[in-house]
Protein chains: 2
Amino acid sequence: MTPPETARADTAAATAATASTRDAILDAAERTFASRGFTATTIKHLAAEAGVNTALLYYYFADKETLYREMLRRLVTRFAAQLSQQMQGAASPEEALRRFSAMQAEVLIDVPHLPTLLVRELVDFHAEHAEEQIAHIAATAFKTLCGVIERGQREGRFRTDLDARFAAISVVSQVAYMGIARPAVGILLGGGLGSVTPEMMRDFARHAADFTLAALAAPKPAPRKASRKGRK
Amino acid sequence: MTPPETARADTAAATAATASTRDAILDAAERTFASRGFTATTIKHLAAEAGVNTALLYYYFADKETLYREMLRRLVTRFAAQLSQQMQGAASPEEALRRFSAMQAEVLIDVPHLPTLLVRELVDFHAEHAEEQIAHIAATAFKTLCGVIERGQREGRFRTDLDARFAAISVVSQVAYMGIARPAVGILLGGGLGSVTPEMMRDFARHAADFTLAALAAPKPAPRKASRKGRK
DNA sequence: GTCTATAGGTGGATAGAC
DNA sequence: GTCTATCCACCTATAGAC
């Protein structure tokens, strides 16, 4: 018999005052759905991880899927907020892009289950549960990112023969891919499954920024010799 | 008891016509595991999709996980073979990289469940079931890709201040991310969940090649004094 | 090789005591 | 608000007929 041990709520991240049972359940759900996936996660797993009784989950949430949705909604909302703010204070488009990649890496390190949950939502539900929040991100952070690139293009610092929105996806993709395919990348780099350290994530994020800025940099005026590739 | 176990009979002949029952089951497993995931896929789903009886699966495979592993093994082996060959005939490093991105897109279009299965393996099993095959890809296709970049660097066509292996990951990541995050990218680009068409995938792959080549291109010699552009 | 039937186990969800 | 006890559907895997 397991003794009461009321809501010990030793949530790993104990963000703030996650005193409430409801939050403890959502925190547990984040970790458990991330590591096991929606179907493989049972109500009993969630209850055990949250330190509460299984029946209690049904007091706070209608059913398993509702609980999942609320967890995801909370997560993506938090993420979107964090994304938007960081690019603001940058002096130049270059600086803004560097900040963006660096921040991507920090988020991946701080909330390692974030990419897992988002990827699971993509494959399990085709992002249907997150459509609204992704649309919000598109309207804020992604739009800002595109704006940064377009500004660089208008100011003559970035080349104009790349589509700004596709370029923005190229920017996002690099560190995001590293976060998703981390075990595979570890093998590709010769270190094995678990070899990608946080420090390596940061290194790669710096590389990604270098790569991006090299790609976007306006070609030197070039001494009129003309380039064979059609420009402009 | 363990049946025949003629595991290698399908290497070359798995093209189209599902000759044997065993192959039909593996084909069904590819589709079903991709769309539902490992846990949510039941033996009955697999049997129904393959058009056979549930008990028959246990005649050909020891259990559900063995079936899954064999399906994944077959898939990744096929994929690795396809990857390796395509870069060979390229005249220049630039051409090789263009071919690589284009081929990534074609694979994603031809085998749409491939990224899904690989991503599921990543999140569900941390790529443990695919370690061997990924190591093989690392030793062949990825090594070739790195070699192409290094060759361009040695020949003075590519800049040398980018790490070749990180650059190779930047190359891979762009189209791969598009394949994984397809619904989300659709939303980001303003079209909605299902808006990314095969044609758009090809467009993006061309963009990714442009982006990559712009990033890698050696900066113009520049009148020696050069601007030591401010890098923190 | 392929099927029917079923054993044995687990999961989501509810009723109701406290 | 939190727990005990439980129902029923469904799932994996096996036994054994044909």
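In the text below, chain A, chain B and the rest are named by the order of the sequence lines, each starting its count at 1.
Once rounded to the nearest 0.5 Å, the distance linking CG of B:L145 with CG of A:L188 reads 9.5 Å. The CG atom of A:L26 sits 11.0 Å away from atom OG1 of A:T21, with the distance rounded to the nearest 0.5 Å.
Not counting sequence neighbours, the partners of A:R202 by the side-chain hydrogen bond (donor to acceptor under 3.5 Å, both in side chains) test are A:E106, A:E199. Partners of B:E30 under the salt bridge (Lys or Arg N to Asp or Glu O under 4.0 Å) rule, at least two apart in sequence or in another chain, are B:R74, B:R78.
For the side chain to side chain donor-acceptor pair (under 3.5 Å) with B:Y68, the qualifying choice from B:R73, B:E121, B:H129 is B:E121, the only one to do so.
Salt bridge annotation for B:E49-B:R36: absent, with no cationic side-chain nitrogen under 4.0 angstrom from a carboxylate oxygen.
Between B:L57 atom CG and D:dC11 atom C1' the separation is 13 Å, expressed in whole Å. In this structure, B:F61 places its CZ atom 15 Å from P of D:dT12, rounding to the nearest Å. Atom CG of A:D23 and atom P of D:dG1 are 13 Å apart (whole Å). Look at CG on B:L56: it is 16 Å from C1' on C:dA5, rounded to the nearest Å.
Remark: B:Y59 is not in phosphate contact with D:dT14, judged by side-chain N or O atoms under 4.0 Å from OP1 or OP2.
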Next on the checklist: Each nucleotide in nucleotides 12-18 of chain C should get exactly one letter: B, S or -. Can you fill that in based on protein heavy atoms under 4.0 Å?
Outcome noted: SBBB---
